[in-house]
Amino acid sequence: MKQRFYTPLIGLSILALSSNLMADNSMSDVNITSKKLADNTYMFMGAGGNIGVSAGSDGILIIDDQFAPLADKILAALNDIQAGTPKYIVNTHYHGDHTGGNAHFGATGTILAHHNVLKRLKEDTKTPKSALPVITYAEHISIHFNHDTLEVVHLGPGHTDGDSVVIWKKANIVHMGDLYFKDRFPYIDLNGGGSVMGYRDNVSAILDKLDNKTKVIPGHGELATRNELLKFKHMLDDSINWMRGEIEKGNDLAAIKQMGVPKEYKDWEWNFISADKWIETLYQDLSTKT
């Protein structure tokens with residue numbers, strides 16, 4: 001099943017309504033599909049952000065947990081692999097399409113995330129305690145689990161101000177969180193501490209840690225390769241250089257929208273990040289720094 005691209009704003013709305021029948025019905029047709037990537041490692045797709053899974057003799061660890069109404073379906077998919085509930089839940093950032101299941105899984109497991117994820121989740125006074133990270137970090141934490149070491153890395157503002165990337169050292173797999181929307185313009189949450197330049201630089205820094213055999217789990221989209229992530233980084237480079245050039249020419253936002261994105265990237269727009277939205281994001285952030 002082709003994965004849907006759900007927005008963080010929609011995700012937060014659904015999270016807020018998760019106890020309501022309407023929210024449950026909106027997720028009733030979603031299937032959680034599983035792809036085995038290595039002996040103990042899987043990728044789940046459904047609605048919202050992709051889930052990374054480590055399952056083995058030490059138990060179950062998941063990276064992100066999609067929307068609240070999907071928690072039972074996610075647990076059923078996990079139990080098809082291995083009985084039990086997750087011991088650890090890693091949040092790659094705070095958006096609701098990646099943290100919606102926190103309250104469910106955090107009731108029996110331990111949630112880990114960057115300091116700013118805890119800060120932003122706590123800003124919503126309706127967030128239950130079980131949905132909040134228990135272990136937080138500034139830059140890096142290592143999880144030794146199921147015969148591998150998962151390096152959880154924060155590189156500074158990018159998609160938000162609390163992004164983490166997770167690298168399986170032995171399995172040679174990386175979960176990018178929303179620092180990667182495969183073949184799509186990314187959502188950069190400027191109001192959530194995101195940064196266009198930081199986003200590009202963080203993707204570049206992770207690329208330096210990968211090789212051509214690395215399996216890349218995007219935040220949204222199908223499983224990818226390093227070369228496909230590199231293609232995404234080239235789009236970011238080209239978009240930044242193009243927008244800087246237009247700003248330097250004195251073109252305002254309306255004129256740049258009229259012009260449209262470079263033709264080679266016209267098919268990168270999607271239902272949430274249209275070409276106009278991508279232009280707005282680039283202009284808003286880069287016009288203050290050019």
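Position 1 is the first residue of the sequence, and the numbers go up from there.
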Look at the side chain of [X] and the backbone N and O of [Y], then say whether any donor-acceptor pair between them is shorter than 3.5 Å.
X	Y	answer
Asp211	Lys213	yes
Thr214	Arg226	no
Lys87	Asp58	yes
Lys215	Leu37	yes
Lys209	Ile167	no
Asp163	Leu155	no
Asn102	Leu132	no
Asp97	Phe67	no
Glu269	Phe185	no
Ser204	Arg200	no

Do you know the tightest heavy-atom contact between [X] and [Y]?
X	Y	value
Ala171	Ala38	CB-CB, 4.1 Å
Leu223	Val216	CD1-O, 3.4 Å
Ile206	Leu210	O-CG, 3.2 Å
Ser195	Pro157	CB-O, 4.1 Å
Leu70	Ala47	CD1-O, 3.8 Å
Ile74	Asp65	CD1-O, 3.4 Å

Can you tell me if [X] has over 12 outside heavy atoms packed within less than 6.0 Å of its [atom1]?
X	atom1	value
Lys119	NZ	no
Glu264	CD	yes
Gln82	CD	yes
Phe145	CZ	yes
Lys126	NZ	no

[X] versus [Y]: any side-chain heavy-atom pair under 4.5 Å?
X	Y	result
Asp80	Ser34	no
Met45	Glu222	yes
Ser164	Asn91	no
Pro133	Leu121	yes
Glu151	Thr149	yes
Val165	Tyr180	no
Tyr283	Ile247	yes
Asp238	Pro262	no

For the [atom1] atom of [X] and the [atom2] atom of [Y], what is their distance to the nearest 0.5 Å?
X	Y	atom1	atom2	result
Ile256	Leu282	CD1	CG	9.0 Å
Met235	Arg184	CE	CZ	11.0 Å
Asn191	Gln284	CG	CD	6.5 Å
Ser142	Lys169	OG	NZ	8.5 Å
Trp168	Asp148	CH2	CG	8.5 Å
Ile217	Lys182	CD1	NZ	13.5 Å

Can you name the one residue among [options] that meets side chain to side chain contact (heavy atoms under 4.5 Å, CB included) with [X]?
X	options	answer
Tyr187	Phe181, Trp278, Tyr199	Phe181
Ile135	Leu118, Leu112, Val90, Ile111	Leu112
Pro186	Asp178, Leu179, Leu236	Leu236

Trace of the side chain to side chain contact (heavy atoms under 4.5 Å, CB included) decision for Ile81 with Phe44:
CA-CA 11 Å; Ile81 295 169; Phe44 284 6; 3.5 Å; yes
Under the side chain to side chain contact (heavy atoms under 4.5 Å, CB included) rule, what do Lys233 and Leu229 come out as? Steps first, then yes or no, please.
CA-CA 6 Å; Lys233 191 259 186 183; Leu229 180 60; 5.9 Å; no
Look at Glu228 together with Lys231 and state whether they make a salt bridge at an N to O cut-off of under 4.0 Å.
no
Lys257 and Glu280 ion-paired at < 4.0 Å
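Glu280 and Lys257: salt-bridged.
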Only one of His114, His154, Arg120 passes side chain to side chain donor-acceptor pair (under 3.5 Å) with Asp161; say which it is.
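With Asp161 as partner, His114, His154, Arg120 yield a single side chain to side chain donor-acceptor pair (under 3.5 Å), made by Arg120.
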Residue among Asp189, Asp64, Thr160 satisfying side chain to side chain donor-acceptor pair (under 3.5 Å) with His95:
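Answer after filtering Asp189, Asp64, Thr160: Asp189.
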Hey, would you say the His220 and His98 ring centroids sit under 6.0 Å apart?
yes
Decide yes or no on side chain to side chain contact (heavy atoms under 4.5 Å, CB included) for Val117 and Thr136, but give the supporting numbers first.
CA-CA 8 Å; Val117 175; Thr136 63; over 6 Å; no
Let's go through Lys35 and Thr33 carefully: what are the C-alpha distance in whole Å and the side-chain angles of both, what is the deciding distance for side chain to side chain contact (heavy atoms under 4.5 Å, CB included) to 0.1 Å, and is it a yes or a no?
CA-CA 7 Å; Lys35 181 187 291 288; Thr33 62; over 6 Å; no
Could you tell me how the ring of Phe232 sits relative to the ring of Trp268: parallel (under 30°), tilted (30 to 60°) or perpendicular (over 60°)?
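Correct class here is parallel.
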